[in-house]
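Every number for a ligand or one of its atoms is a count from 1 in the order of the listing.
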Amino acid sequence: MEHSAAISDYRAAVEITKDSNGIDQVVLRNPQGASARVSLHGGQVTSWRNEHGEELLFTSNKAIFKPQKPVRGGIPICFPQFGNGGSLEQHGFARNKIWIIDDNPPPLRPNDSHGKSFVDLLLKQSEEDLKFWPYSFEFCLRVSLATNGDLMLISRVRNVNGKPFSFSFAYHTYLSVSDISEVRIEGLETLDYLDNLCQRERFTEQGDAITFESEVDRVYLSSPNVIAVLDHEKKRTYVIRKDGLPDAVVWNPWERKSRSMVDFGDEEYKQMLCVDGATIDKPVILKPGEEWTGRVQLSVVPSSFCSDQLNLQEWF
Ligand code: TA6
């Protein structure tokens, strides 16, 4: 393809607009009509639509689109911690910061760009951040939309020759589901998990798929790199492929917790489920100059799918 044609195609596939707060957001499109939207507020994916224009990520009708408060939905980037504790806000500061578009990112694998529309975002620590988290890092985030509609996020965190530091991380992924009572997760059977509803006590999952009848807030440990979320009513399955992210967070607030969140509708727990590729149990430690990469790829396939039918080679 001519260089100019390639550039114009790339430009058509990537558009920069402003949200209601005047903050830049990047819209990625593929030739089939699928799209994804990434806000520079938090580097947060706020929308992922299939070629029919159906929204695949959940965003609360009561979400607050105002900087410093993360939007309730999409895929918030939780860094440098997942959870509460210490001097940082819950789930860390990255999702509350303004990122910038990086026109000259460090090179990735060829397959990471081939045939995809993508954007690279960059977060560097600010003077303010250094007060709470005194480490020199660079966080490069690539969000890409493939021609088959798959959404991929690649996070690279580098210790910019400062002191060694450790962090935990999660892609806090709000999936849109038709009815939580008709949803099951395959791929986490028999794993150990930390139960956030029981002071992070460790339990072992039973041998069958996970279904939902009450609040669930768990971190599954050493989970497989392929997890399937089956939405029976919509006859579709989300396939979550991950790399560099050994843990998986599963969260549905159910009735009582839903009522306690101002930016979440009382009944909205029925239409969402968080399944997050994460590294929480064993934080990542980076010495000066070292880099960590965490990848997640989200696909949607017809619901006849079971996780053990997946060809892992597609991913690696
Ligand atoms: O495990 C998921 C979790 O930590 C829940 O405890 C709940 O707090 C959820 O994240 C929502 O977090 P957020 O900061 O997005 O409100």
Legend entry - Option whose closest heavy atom lies nearest to atom 7 (C) of ligand 1, chosen from Tyr174, Trp251, Phe82: Trp251
Inset, instruction - Could you tell me how the ring of Tyr220 sits relative to the ring of Tyr193: parallel (under 30°), tilted (30 to 60°) or perpendicular (over 60°)? - result: tilted
Legend entry - Atoms of ligand 1 close to Lys257 [distance to a heavy atom under 4.0 angstrom, numbered from 1]: 6 (O), 7 (C), 8 (O)
Inset, instruction - Hey, can you tell me if Phe139 and Phe169 have their rings parallel, tilted or perpendicular (30° and 60° cut-offs)? - result: tilted
Inset, instruction - Mind telling me whether Trp251 and Phe264 have parallel, tilted or perpendicular rings, with 30° and 60° as the class edges? - result: tilted
Legend entry - ligand 1 N/O within reach of Gln90 N/O, cut-off under 3.5 Å: yes
Legend entry - Nearest neighbour in protein (non-hydrogen) for atom 15 (O) of ligand 1: Arg95 NH1, 3.1 Å
Inset, instruction - For the residue pair Ile23 and Ser39, establish whether any side-chain heavy-atom pair is separated by less than 4.5 Å. - result: yes
Inset, instruction - Report, in ascending order of atom number, the atoms of ligand 1 lying under 4.0 Å from any heavy atom of Asn196. - result: 1 (O)
Legend entry - Met261, portion touching ligand 1 at heavy-atom distance under 4.0 Å: neither
Inset, instruction - May I ask whether Arg218 has any heavy atom positioned less than 4.0 angstrom from an atom of ligand 1? - result: no
Legend entry - Protein contact of atom 3 (C) of ligand 1 - nearest heavy atom, named by residue and atom, plus distance: His91 NE2, 3.8 Å
Inset, instruction - Could you check Lys62 against Glu268 for salt bridge (charged side-chain N to carboxylate O under 4.0 Å, His left out), going step by step and ending with a plain yes or no? - result: CA-CA 10 Å; Lys62 299 176 76 177; Glu268 287 189 315; over 6 Å; no
Legend entry - Qualifying residue for side chain to side chain donor-acceptor pair (under 3.5 Å) with Glu55, from Ser47, Ser35, Ser176: Ser47
Legend entry - Common cluster, Leu153/Leu122, ILVMFWY with side-chain heavy-atom separation under 4.5 Å: no
Inset, instruction - Give the residue and atom name of whichever protein heavy atom lies nearest to atom 13 (P) of ligand 1, and the separation in Å to one decimal. - result: Arg72 NH1, 3.5 Å
Inset, instruction - Of the side chain and backbone of Glu215, name the one, both, or neither that has a heavy atom under 4.0 Å from an atom of ligand 1. - result: neither
Inset, instruction - Could you tell me the residue and atom name of the protein heavy atom closest to atom 1 (O) of ligand 1, and the distance to it rounded to 0.1 Å? - result: Asp217 OD1, 2.5 Å
Legend entry - Whether Trp292 and Phe167 hold their rings parallel, tilted or perpendicular, with breakpoints at 30° and 60°: perpendicular
